[in-house]
Amino acid sequence: PDNYQSVHHLMQRLKVPPYQNHSTPKQLMIKYRIPLILLFFFFILMGLLIFLLLFNNKRLQKEQHHKELALQQANHLATHDSLTGLANRTLFIQESEKYIATAQRHQLRLTLMFIDLNNFKSINDQFGHEFGDKILKSVADIIQNTTRENDTSCRLGGDEFVILSLGALDQQAVESMIKKLIHHIEELPVASSLQFGASIGAVVGTPSLRCEAKALLRRADTLMYDVK
């Protein structure tokens with residue numbers, strides 16, 4: 001026909017390319033604005049949820065870390081002397097039982113030294129408890145610097161200390177260590193008139209099957225008083 005206008009309109013209604021009407025971006029935005037707005041808020045919500053999850057996870061990790069540190073500190077306070085940092089009686093008994101079991105199983109030599117400071121009460125009476133505490137700290141340092149890395153050093157309380165050693169040390173080595181301990185303790189800056197020093201009793205040998213930590217401690221204590 002001479003006029004294709006009617007055909008053109010028909011093809012548009014049937015949406016046959018290239019007669020199909022193409023929507024502009026603006027028209028598409030208007031047409032799909034509600035789904036787009038919902039999608040936008042959906043992504044914002046998901047982002048907020050992810051942020052909250054990450055923030056909460058970090059907070060929980062931090063709280064867990066603080067709890068672990070608090071537990072470690074509480075455990076350390078329960079098993080160590082607050083003044084010297086050495087093991088206390090509770091930890092000493094625990095470690096002693098382990099040492100005894102190992103010595104019995106492998107037939108190893110076990111050494112327990114009981115240290116008592118001579119005339120320490122006179123130091124507290126004459127110079128005060130603050131000076132006495134410094135002396136106790138110095139004695140603890142001497143013990144740690146004289147003993148081996150694997151030895152267990154303990155402050156039982158007051159002016160009493162204990163050293164527990166497993167294997168290697170023979171009678172001669174034990175005597176040498178005792179002499180070193182006494183020598184260094186006597187060199188501490190205390191008035192010579194007080195006759196400050198240390199008495200040390202030592203039990204050396206392979207523990208019997210019925211041996212207990214408290215029994216060893218009592219025996220070393222008795223030997224120390226014999227020396228004193």
Asks: Does some side-chain heavy atom of L91 sit less than 4.5 Å from a side-chain heavy atom of C154?
Replies: no
Asks: Side chains of L181 and M177: does their closest heavy-atom pair fall under 4.5 Å?
Replies: yes
Asks: Does any non-hydrogen side-chain atom of N124 lie less than 4.5 Å from one of F120?
Replies: yes
Asks: Could you tell me whether the side chains of H183 and E187 share a donor-acceptor contact shorter than 3.5 Å?
Replies: yes
Asks: Are side-chain N/O atoms of T84 and D81 paired as donor and acceptor at under 3.5 Å?
Replies: yes
Asks: Just say parallel, tilted or perpendicular for the rings of F131 and F127, cut-offs at 30° and 60°.
Replies: tilted
Asks: CG of L69: more than 12 outside heavy atoms within 6.0 angstrom?
Replies: yes
Asks: At their closest point, which heavy atom of K137 faces which heavy atom of L83, and how far apart are they?
Replies: CE-CD1, 3.3 Å
Asks: Checking D116 against S199: is there a side-chain donor and acceptor pair closer than 3.5 Å?
Replies: no
Asks: Roughly how far apart are L188 CG and F196 CZ, rounded to 0.5 Å?
Replies: 5.5 Å
Asks: Check for a donor-acceptor pair, side chain of S176 on one end and backbone N or O of Q172 on the other, with a separation under 3.5 Å.
Replies: no
Asks: Do the side chains of K67 and E63 get close enough for a salt bridge, i.e. N-O under 4.0 angstrom?
Replies: no
Asks: Quick one, L112 and Y99 - any side-chain contact, counting heavy atoms below 4.5 Å?
Replies: no
Asks: Donor-acceptor pair, N56 side chain versus L52 backbone, under 3.5 Å?
Replies: no
